[in-house]
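Written out below as structure tokens is the structure these notes cover.
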Amino acid sequence: MPAQRDRAARLVLAASLLVGLASSAQAQTVIVNREDRPDPWIVNGCTIAPKAKCPGADLRHADLKDADLSGADLSGANLARADLRHANLRGAVLDGANLGGARLQIAFMQGVKARNASFVGADFDHARISGGDFSGADFTVAALEIVQAKRAQFVGARFIDTDLQEAKFYEANFKDAVMQGAKIRFAIFQDAWMENCKGCPVHWQTDKPVWEVFPEASAPRPDSGDDDDAKGHK
């Protein structure tokens, strides 16, 4: 009898846990497109199109695969866990936006402005972010494997337990950034600027970093955001 009572109690507990999980799942609506590219493509009042004006938009969990949001104003928007794979975000404004857990694999983000944005747990695998301004952004536990980030600005950004393996940071600016527990295997920091960065591989290229050898030198500034491989960097 005691064994039967224990088994019954375990079954009741398991059932209550399943009910709790189902309730929490229903609490968050996942936005899924009925068509691959709806026309017009409107998500929570935001028209998904080039130069869209959607500051502060709620786009959590939105299915935005292949979206063209080039030049869009998404400042302060909530894009937590949004699916932005292959999306065109060239020149978009994401200042102060929340992209925690967002899927940004192979996204095109050249020249994006994402100052003080949150990318906690986001996946940038193979993304193109050259010339982007990510000053003050938080990349804690994010994955930036094999990103192309030539001349990107990471001034004051946070890289805590971030995966930076095989990333290309040619002439990137890490001034005042924080890098702790980051994976940098095979990452390239050629001519990167790391003045006052905590934990950055300041001696990655030479014994003395350029800002010590040439105090009058200035940090690299973003260019047009062209792909690194278009300029011969593989």
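Sorted by first then second residue, the side-chain hydrogen bond (donor to acceptor under 3.5 Å, both in side chains) pairs that include residues 45-56, not counting sequence neighbours, number zero. For residues 56-87, no pair satisfies disulfide bond (SG atoms under 2.5 Å apart), with sequence neighbours left out. Sorted by first and then second residue, the disulfide bond (SG atoms under 2.5 Å apart) pairs with a member in residues 108-174 form an empty list; sequence neighbours excluded. Applying the disulfide bond (SG atoms under 2.5 Å apart) definition to pairs two or more places apart or across chains, those involving residues 54-96 are Cys46-Cys54.
Put simply, the side chain of Asn44 gets close to the backbone of Asp58: a donor and an acceptor are under 3.5 Å apart. In this structure, the side chain of Lys183 does not engage the main chain of Gly181 through any donor-acceptor pair within 3.5 Å. Checking side-chain atoms of Asn196 against main-chain N and O of Lys198 turns up no donor-acceptor pair under 3.5 Å.
Legend: residues meeting side chain to side chain contact (heavy atoms under 4.5 Å, CB included) with Asp191, ordered by chain and number and at least two apart, are Glu171, Gln205. For Lys113, the salt bridge (charged side-chain N to carboxylate O under 4.0 Å, His left out) criterion is met by no residue, not counting sequence neighbours. Partners of Asp133 by side chain to side chain contact (heavy atoms under 4.5 Å, CB included), not counting sequence neighbours, listed by chain and number: Arg115, Ser135, Gln153. Evaluation of the salt bridge (charged side-chain N to carboxylate O under 4.0 Å, His left out) rule for Asp123 yields no partner, not counting sequence neighbours. For Gln165, the side chain to side chain donor-acceptor pair (under 3.5 Å) partners at least two apart in sequence or on another chain are Asp163.
Considering all non-hydrogen atoms of both residues, Ala62 and Val43 come closest at CB-CG1, 4.1 Å. Phe174 and Cys197 make their closest contact through O-CB, 3.4 Å (heavy atoms, listed as atom of the first residue, atom of the second, distance). Taking each heavy atom of Ala142 and Thr162 in turn, the nearest pair found is O-CG2, 3.2 Å. Shortest non-hydrogen contact noted between Leu74 and Ala97 is O-CB, 3.8 Å. Contact record, Ala72 with Ala49: CB-O, 4.5 Å, taken as the closest heavy-atom pair.
Other members of the hydrophobic cluster containing Val120, listed by chain and number, are Val141; membership follows side-chain contacts under 4.5 Å among ILVMFWY residues, whether direct or relayed. Val178 forms part of a hydrophobic cluster together with Ile160, judged by ILVMFWY side-chain heavy-atom separations under 4.5 Å.
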Identify each donor-acceptor pair in which a side-chain atom of residues 78-86 lies under 3.5 Å from a protein atom, sequence neighbours left out, and give them as a table.
{"residue": "Asn78", "atom": "OD1", "partner": "Ala80", "partner atom": "N", "Å": "3.2"}
{"residue": "Asn78", "atom": "OD1", "partner": "Asn98", "partner atom": "ND2", "Å": "3.4"}
{"residue": "Asp83", "atom": "OD1", "partner": "Arg85", "partner atom": "N", "Å": "3.3"}
{"residue": "Asp83", "atom": "OD1", "partner": "Arg85", "partner atom": "NE", "Å": "2.9"}
{"residue": "Asp83", "atom": "OD2", "partner": "Arg85", "partner atom": "NE", "Å": "3.3"}
{"residue": "Asp83", "atom": "OD2", "partner": "Arg85", "partner atom": "NH2", "Å": "2.7"}
{"residue": "His86", "atom": "ND1", "partner": "Asp66", "partner atom": "OD1", "Å": "3.4"}

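For the pair Ile106/Asp125, no side-chain contact is recorded, criterion being any heavy-atom separation below 4.5 Å from C-beta on. Under the 4.5 Å side-chain criterion, counting only non-hydrogen atoms from C-beta, Phe119 is not in contact with Asp138. Taking 4.5 Å as the limit, some side-chain heavy atom of Leu69 sits within range of a side-chain heavy atom of Ile48.
With values rounded to the nearest 0.5 angstrom, Cys200 atom SG is found 12.0 Å from Lys175 atom NZ. Atom CG in Asn88 sits 12.5 Å away from atom CG in Leu64 (nearest 0.5 Å). To the nearest 0.5 Å, atoms CZ (Phe108) and CD (Gln148) are separated by 11.0 Å. From Ser70, atom OG reaches atom CD of Gln110 across 11.0 Å, with rounding to the nearest 0.5 Å. Atom CZ of Arg128 and atom CD1 of Ile146 lie 10.5 Å apart (nearest 0.5 Å). Here NZ of Lys168 is found 12.0 Å from CD of Gln190. Values are rounded to the nearest 0.5 Å.
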Intermediate values then yes/no, side chain to side chain contact (heavy atoms under 4.5 Å, CB included), Ile188 and Tyr170:
CA-CA 7 Å; Ile188 296 175; Tyr170 297 98; 3.7 Å; yes
Using the side chain to side chain contact (heavy atoms under 4.5 Å, CB included) rule, take Leu94 and Met109 through it: C-alpha gap first, then chi angles, then the decisive distance, then the call.
CA-CA 10 Å; Leu94 292 165; Met109 304 175 70; 4.2 Å; yes
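No path of Ile, Leu, Val, Met, Phe, Trp and Tyr side chains, each step under 4.5 Å between heavy atoms, connects Val155 with Met179, placing them in separate hydrophobic clusters. At a threshold of 4.5 Å between side-chain heavy atoms, the hydrophobic network of Ile, Leu, Val, Met, Phe, Trp and Tyr places Phe189 and Leu144 in one connected group. Follow the hydrophobic side-chain contacts under 4.5 Å out from Ile184 and you reach Ile129 in the same cluster. Connection of Phe169 to Trp204 is established within a shared hydrophobic cluster, with ILVMFWY side chains joined at heavy-atom distances below 4.5 Å, either directly or through further cluster members.
Annotation: Phe134 is in aromatic contact with Phe139 [ring centroid separation under 6.0 Å].
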